[in-house]
Amino acid sequence: MVIIAPSILSSDRGRLAEEIKAMEEAGADWIHIDVIDGNFAPNLTFGPWVIEVARKATSLPLDAHLMVVDPLTYAPIFAKAGAHYVSFHLEAATHPHKIITSIAEAGAKPGVALNPGTSLAALDEVADLVDLIILMGVNPGFSGQPFIPSTMGKAQRLSNWLNRGGLSPHLEVDGGVTDLNAGALTAAGVTVLVSGSHLFGSPDYAQAIEKIRRAAGAA
């Protein structure tokens, strides 16, 4: 069954707890938290405090996606704060195995992420060590960007490669996800759909989530 994870990057941050609770009540499966440090990508978003806010607002799994230049320092901090999944970008990781180990030791499930222009070959030595792989559907930084079409083929190639290797981490696409491409993404093997502005910009959160779920063939 597809997992729908609203990204709070697009929420009304003045009402963050209310927004998270509203998405849970609307049928969301996870809450996605984009952490950007202003250096790895433009924009400056959330610190570890957001995990505490989200934890009080919902019982849903918290999916922390770190777009930071120093994941070795920050990944275990977010794990200890209570995130269920903590993912970091391989482009920023000098020692990815150490980061993966630090996340697991801090009590979270480790994940890795790739920018649109990064080859899938970067996953060769770590795919068997993680519970989640994120493919960016847009260049990281700001919500509301259009989906990069080549992400579709990239997801299919990755899914095929994971299946051949007998590996089964969640395959997540973050950025540009709507009901118009959800079906093709899940057909390509994607199991987690992250949607930000499309969901939080809707006047009816439940209806928007249901449209994505139906499009993904998981109603």
Side-chain angles (χ1 to χ4, degrees), residues 1-13 15-36 41 43 45-46 50 54 57-58 60-67 83-87 89 111 113-116 132-156 158-159 169-219:
M1 183 174 176
V2 67
I3 293 166
I4 298 177
S7 170
I8 63 171
L9 183 62
S10 299
S11 67
D12 178 349
R13 298 184 204 178
R15 301 172 49 250
L16 185 56
E18 294 173 49
E19 290 273 68
I20 291 171
K21 186 172 181 60
M23 279 297 177
E24 179 179 21
E25 293 174 349
D29 303 298
W30 292 2
I31 297 297
H32 186 80
I33 301 168
D34 286 308
V35 178
I36 310 174
N43 206 349
T45 60
F46 305 106
V50 77
T58 182
L60 295 179
L62 303 180
D63 173 24
H65 173 196
L66 307 189
M67 290 169 270
H84 294 81
Y85 293 85
V86 177
S87 302
H89 273 260
L114 297 181
N115 283 335
L132 176 66
I133 297 174
I134 301 175
L135 297 181
M136 292 299 296
V138 300
N139 288 301
F142 294 93
S143 60
Q145 299 180 64
F147 183 75
I148 296 173
S150 61
T151 308
M152 204 72 73
K154 191 175 186 180
Q156 184 68 73
L158 176 54
S159 178
H170 282 297
L171 175 51
E172 177 178 299
V173 168
D174 178 7
V177 174
T178 72
D179 57 291
L180 298 180
N181 55 23
L185 285 168
T186 53
V190 177
T191 57
V192 183
L193 299 172
V194 175
S195 185
S197 57
H198 179 73
L199 290 180
F200 281 102
S202 170
D204 186 328
Y205 293 171
Q207 184 180 68
I209 288 173
E210 182 63 15
K211 286 184 70 174
I212 290 179
R213 202 178 296 282
R214 287 188 178 278

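This chain uses plain numbering: 1 for the first residue, then up along the sequence.
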Consider only side-chain N and O atoms of Thr45 and Asp34, and report whether a donor and an acceptor are under 3.5 Å apart.
-> no

So Leu114 and Leu158, side-chain contact (heavy atoms from CB on, under 4.5 Å) or not? Walk me through it.
-> CA-CA 12 Å; Leu114 297 181; Leu158 176 54; 5.9 Å; no

Run the side-chain contact (heavy atoms from CB on, under 4.5 Å) check on Val138 and Thr151 step by step: do they pass?
-> CA-CA 9 Å; Val138 300; Thr151 308; over 6 Å; no

Take Arg213 and Asp29 through the test salt bridge (charged side-chain N to carboxylate O under 4.0 Å, His left out) and record every step on the way to the result.
-> CA-CA 11 Å; Arg213 202 178 296 282; Asp29 303 298; 3.1 Å; yes

For Ala113, which residues count as a side-chain contact (heavy atoms from CB on, under 4.5 Å) partner, sequence neighbours excluded?
-> His65, His89, Ile134

Which distance, rounded to the nearest 0.5 Å, do you find between the CG of Leu60 and the NZ of Lys21?
-> 10.0 Å

Looking at CG of Asp179 and CD1 of Ile209, how far apart are the two atoms once the value is rounded to the nearest 0.5 Å?
-> 12.5 Å

With side chains defined as the heavy atoms from C-beta onward, is the minimum distance between Ser195 and Ile4 less than 4.5 Å?
-> no

Step by step, work out the side-chain contact (heavy atoms from CB on, under 4.5 Å) result for Val173 and Phe147.
-> CA-CA 10 Å; Val173 168; Phe147 183 75; 4.1 Å; yes

Rounded to the nearest 0.5 Å, how far apart are CG of Asn115 and CE of Met136?
-> 6.5 Å

Work out which heavy atom in Pro140 is nearest to a heavy atom in Met67; give both atom names and the distance.
-> CB-SD, 3.4 Å

Using side-chain contact (heavy atoms from CB on, under 4.5 Å) as the criterion, list what pairs up with Glu19, not counting sequence neighbours.
-> Ser11, Asp12, Arg15, Phe200, Tyr205

State, with a plain yes or no, whether a side-chain heavy atom of Trp30 is found less than 4.5 Å away from one of His84.
-> no

What residue among Asp63, Leu135, Val190, Ile133 forms side-chain contact (heavy atoms from CB on, under 4.5 Å) with Glu172?
-> Asp63

Might you confirm whether atom NZ of Lys211 has over 12 heavy atoms from other residues, nucleotides or ligands at distances under 6.0 Å?
-> no

State, with a plain yes or no, whether a side-chain heavy atom of Leu185 is found less than 4.5 Å away from one of Met152.
-> yes

Could you walk me through whether Ile8 and Val50 pass side-chain contact (heavy atoms from CB on, under 4.5 Å), step by step?
-> CA-CA 10 Å; Ile8 63 171; Val50 77; 3.8 Å; yes

